[in-house]
Enquirer: 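Sharing a structure below in structure tokens format, with a few things to ask.
Labels below follow one simple rule: chain letters A, B, ... track the order of the sequence lines, proteins then strands, and each chain is numbered from 1.
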Amino acid sequence: MQVKSFKPMMIFNKLVSVVTDYLNAQYGLEIRESAVQFQPTRKEFEGDYTLVVFPLAAKVSKSPVSFAEELGEHMMVQSDYVEAYNVVKGFLNFSLSARFWKEILEWTGDVGVHFKQLDKKGRLVLEYSSPNTNKPLHLGHIRNILLGWAMYKIKQRCGYELIRTQIVNDRGVAICKSMWAWKNCSSGETPESSGIKGDHLIGKYYVIFDKKLKEEYLDWQKSREAEACLKERVGKDENAEAFFKRFKNDYFNEFSKIGKEVRDMLRKWEEGNTEVTALWEKMNSWVYDGFDETYEKLEVTFDKTYYESDTYKLGKKLVEEGLEKETFFQKEDGSIWVDLSDSGMDEKLLLRSDGTSVYMTQDIGTARVRYDDFQMDEMIYVVGNEQDYHFKVLFEILKRLGESYAEGLYHLSYGMVDLPDGRMKSREGNVVDADDLIEEVINTAAKNVEERGDMAHLSEENQKENIRRIAMGALKFHLLKVNPKKRMVFNPEESVDMQGHTGPYVQNAFVRIQSILGKTEEYPFELMEDYWKINEEERSLIQLMLSYGEVIVRAGEEQDPSHLANYLYHLARTFHRFYHEHRIINAESEAAAAFRYHLIKHVSAYFEDGMELLGISMPSRM
RNA sequence: GGCUUCGUAGCUUAACUGGAUAGAGCACUUGACUACGGAUCAGGAGGUUGCAGGUUCGAAUCCUGCCGAAGUCACCA
């Protein structure tokens, strides 16, 4: 085992080129190496890797079976590592030698080797949180944030330089509603005086506002004005009840007294009125303290926070510039639009007739501010799929404005999180609050730990930290194991599961290995030289470790951390089975013990590294 | 209604992008600790991959048409 500089990827490439060279020499076929793919052989067949020969056989017009035989024979002769092969239909399965697996095992010791050959990529701005300041974070935000954090780690590993940002939506009517309610319906309570977390306090007044508005609306419905309005605007086949249900928003804008007060407040805010601005600043600061606490519990941080109250101004300016360049156009009422119909989209409003900005305006500004700050090459927005169209339009606009980073824009669009009884509706109080959820998983983990009693000898502080890691591991894994694009149904009971396809299952494999390593002596690597009968479970573990780099790269390129989560589960499953089948301490020979010692040591490093990329840390005991 | 996305075991989901007998977990059920941690392992049962066609050596995956669900089409964010 003197091959310290040995690079296993080269074996793979060599095996591939044995095939491509042969096709070239014998048949004059130029085949790209990427077209020759070895996949792990399915369990029910003999062999380690499989080459699907059908497409190749078709190209040389031979029968798949005989051509597979031909290739297999050739590989046996050409490569020292190919020990045996068999052909089933058009599938060529080949087995690699013990020497191959031992050399791979040695190579896998340093997790970093998988990434050494990756090119340096550019600078990447990642936006992975975009909260509104009128209510606390909920389950949907958690999915968003955890996805973003995992992407940060994974992209970084793939060679990008990452800038983590959030955009705070701190302006607009919604915030004014909370402000109005606090001003009119509280006796000046603060987070300190009430003991309520700042973001929850604001949320409380947002709900109070909604209640007040509803009361006012109900009263109004009995008025003459309402009667007249109903008569005038009710639709055909519509009863009064249905009408009033749909009319609520128009009522707020046209008839509501408190609605008018809220809009006055917004106008004053935009004019820079000192009293309103002071209230706005005070209440926002409460919210930020609350958010920070939640972020801390989720173990995430940001390099830079942007506020829409800052960026919308630049957005306006860019829109006006776009108008001068005739990228945009103006309607008679003064509103500014972009016409994207030649790209299969619609006309889109960019600036209202009264000159105030809309959502799109802000996002144009925010993008440019970020470029001024960081000169990024690419940017990823982690935002729910309800905004797919918005981002499609935004990216097209930035392209037309000639922004240099416009070709590197991505919307990591994740599916909504539904509850078993349907969509979350904040209005109806049917939301899973982020802080509540975190508290709940920690309580559940604590209960489990207490029942087991495996941690009793640890210090209280130590126990608490382990419990926290297990709980967060369960929650995070549960959200990250499914494909981000898919809408997911979140069952609170399943999110605190700690058995089966879960985070704690992976953590358990890790903790188990640490426990074993603590009980055995260290073996020098050379001692495994005499171990030749590598069993199926051992081979599977090495094979999995060998594919780690591929998995991460794929997760990065597809912006899908679930590939990594499922890989780690698979690795843990394979380890647990191995553990039950084979002795590590007191193995059948010293060579076997040495081999397994290094094997599990390496495997545990992959657990720790992979989970870290998902934002999950390992407990010391569980 | 237009556009977008999605229908896989009772529930939650996977399938290396067109490959072998669709793989897991939960729940249900039968077993396994006098050997390294039972938050584990082995087994059983559970599937016409929404339906119907088509493309080919081969389809959950690609094409067409239905059926069903969600999102979006604001001078909201």
Enquirer: Side-chain donor or acceptor of A:Asp363 under 3.5 Å from a matching atom on the base of B:A77?
Expert: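 Absent.
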Enquirer: Please state how far atom OH in A:Tyr49 lies from atom P in B:A20, giving the value in whole angstrom units.
Expert: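 Rounded to the whole Å, the gap is 18 Å.
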Enquirer: Take nucleotides 11-16 of chain B nucleotide by nucleotide from the 5' end and write B, S or -, depending on whether a protein heavy atom sits under 4.0 Å from the base, only from the sugar-phosphate, or from neither.
Expert: -SSSSS
Enquirer: What's A:Val173 touching, base or sugar-phosphate or nothing? Going by heavy atoms closer than 4.0 Å.
Expert: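 Answer is nothing: A:Val173 stays at 4.0 Å or more from every strand.
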Enquirer: Return the minimal non-hydrogen interatomic distance between A:Ala474 and A:Met498, and the atom names on each side.
Expert: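 Heavy-atom minimum between the residues: CB-CE, 4.2 Å.
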Enquirer: Closest approach of A:Val511 and A:Ser620, non-hydrogen atoms and distance?
Expert: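 Taking every non-hydrogen atom into account, CG1-O, 3.8 Å.
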Enquirer: Would you call A:Arg233 and A:Glu254 a salt bridge, taking side-chain N to carboxylate O under 4.0 Å as the test?
Expert: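 Salt bridge: yes.
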Enquirer: Would you say a side-chain N or O of A:Arg452 is under 4.0 Å from OP1 or OP2 of B:G38?
Expert: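 Checking B:G38 against A:Arg452, no side-chain N or O comes under 4.0 Å of OP1 or OP2.
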Enquirer: Figure out the CZ/P separation between A:Arg577 and B:G23, and round it to whole Å.
Expert: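 Rounding to the nearest Å, CZ of A:Arg577 and P of B:G23 are 14 Å apart.
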Enquirer: Check every strand shown and say whether A:Glu347 touches a base, only sugar-phosphate, or nothing at a heavy-atom separation below 4.0 Å.
Expert: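 Touches nothing.
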Enquirer: For A:Val449 and A:Pro55, find the nucleotide of RNA chain B closest to each by heavy atoms; which residue's nucleotide sits nearer the 5' end?
Expert: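 Nearer the 5' end of the strand: A:Pro55.
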Enquirer: By a 5.5 angstrom centroid cut-off and a 30 degree plane limit, is there stacking between A:Phe54 and B:G19?
Expert: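 Yes, A:Phe54 stacks on the base of B:G19.
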Enquirer: Do A:Lys331 and A:Glu347 meet the salt-bridge criterion of a basic N to acidic O distance under 4.0 Å?
Expert: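 Judged by the 4.0 Å cut-off on N to carboxylate O distance, A:Glu347 and A:Lys331 do form a salt bridge.
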Enquirer: Would you indicate which nucleotide in B:U21, B:G37, B:C41 comes nearest to any side-chain atom of A:Lys519?
Expert: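 The nucleotide sitting nearest to the side chain is B:G37.
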Enquirer: Quick one: A:Glu493 CD to B:A27 P, roughly how many Å, whole number?
Expert: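 After rounding, the reported distance stands at 11 Å.
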Enquirer: Relative to the ring of A:Tyr548, is the ring of A:Tyr567 parallel (under 30°), tilted (30 to 60°) or perpendicular (over 60°)?
Expert: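 Rings of A:Tyr567 and A:Tyr548: tilted, 30 to 60°.
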Enquirer: Starting from the 5' end of RNA chain B, give me the residue, A:Gln362 or A:Tyr579, whose nearest nucleotide shows up first.
Expert: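 Counting from the 5' end, the first nearest nucleotide belongs to A:Tyr579.
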Enquirer: Can you check the A:Met360 CE to B:C73 P distance for me, whole Å?
Expert: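 In whole Å, B:C73 P lies 10 Å from A:Met360 CE.
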Enquirer: Please state how far atom OH in A:Tyr359 lies from atom P in B:A77, giving the value in whole angstrom units.
Expert: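 Roughly 10 Å, once rounded to whole Å.
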Enquirer: Is B:U17 in the syn or the anti form, by the rule that syn lies within 90° of 0?
Expert: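 This nucleotide is in syn.
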Enquirer: Donor-acceptor check, side chain of A:Arg423 to backbone of A:Asp418, threshold 3.5 angstrom: yes or no?
Expert: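 No; judged by distance alone, with no hydrogens or angles, the pair does not exist.
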Enquirer: Determine all donor-acceptor pairs shorter than 3.5 Å in which one atom belongs to a side chain in residues 571-582 of chain A; sequence neighbours excluded.
Expert:
residue, atom, partner, partner atom, Å
A:Thr574, OG1, A:His570, O, 2.7
A:His576, ND1, A:Arg512, NH1, 2.8
A:His582, ND1, A:Asn535, ND2, 3.4
A:His582, NE2, A:Asn535, ND2, 3.2
A:His582, NE2, A:Glu537, OE1, 2.9

Enquirer: How does RNA chain B look in dot-bracket notation if pairs are Watson-Crick or G-U with both distances under 3.5 Å, crossing ones as [ ], other-strand ones as |?
Expert: (((((((..((((.....[...)))).(((((.......))))).....(((((..]....))))))))))))....
Enquirer: Output the single nucleotide from B:A77, B:A39, B:A20 whose closest atom is nearest the side chain of A:Pro504.
Expert: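 Nearest listed nucleotide: B:A39.
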Enquirer: Would you indicate what A:Asn169 reaches in the nucleic acid, counting non-hydrogen atoms under 4.0 angstrom: base, sugar-phosphate, or nothing?
Expert: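 Result for A:Asn169 = sugar-phosphate.
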Enquirer: Measuring centre to centre across the rings, with the benzene-like ring taken for any Trp, is A:Phe91 within less than 6.0 Å of A:Phe54?
Expert: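 Yes.
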Enquirer: To the side chain of A:Arg423, which of B:U40, B:G71, B:U17 is closest?
Expert: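 So the side chain of A:Arg423 is nearest to B:G71.
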Enquirer: How many Å lie between CG on A:Asp170 and C1' on B:A77, as a whole number?
Expert: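 Interatomic distance, CG of A:Asp170 to C1' of B:A77: 12 Å.
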Enquirer: Is the shortest side-chain N/O distance from A:Ser515 to OP1 or OP2 of B:G37 below 4.0 Å?
Expert: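 Yes, such a contact exists.
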Enquirer: Less than 3.5 Å between a donor and an acceptor, one on the side chain of A:Asp454 and one on the base of B:G37, is that the case here?
Expert: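 When only heavy-atom distances are counted, A:Asp454 does reach the base of B:G37 through a donor-acceptor pair under 3.5 Å.
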Enquirer: Looking at every strand, decide which applies to A:Leu351 at a 4.0 Å heavy-atom threshold: base, sugar-phosphate, or nothing.
Expert: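 Answer is nothing: A:Leu351 stays at 4.0 Å or more from every strand.
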Enquirer: Could you please name the option among B:G25, B:A20, B:A35 that lies closest to any side-chain atom of A:Thr41?
Expert: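 Nearest to the side chain of A:Thr41 among the choices is B:A20.
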Enquirer: Taking the side chain of A:Asn132 as its heavy atoms from C-beta onward, which of B:U21, B:G25, B:A77 lies nearest to it?
Expert: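 Taking heavy atoms from C-beta onward, the closest nucleotide is B:A77.
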Enquirer: In this structure, how many angstroms lie between the C1' atom of B:G71 and the CD atom of A:Glu386, rounded?
Expert: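 Rounded to whole Å, this separation is 8 Å.
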Enquirer: Please tell me whether A:Phe94 and A:Phe38 form a close aromatic pair, meaning their ring centres lie under 6.0 Å apart.
Expert: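 That pair passes the under 6.0 Å test.
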Enquirer: Can you tell me how far P of B:G37 sits from CZ of A:Phe578, to the nearest Å?
Expert: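 Result: 14 Å.
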Enquirer: Could you tell me whether A:Arg468 and A:Glu465 have a side-chain N and a carboxylate O separated by less than 4.0 Å?
Expert: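 Result for this pair is yes, salt bridge flagged.
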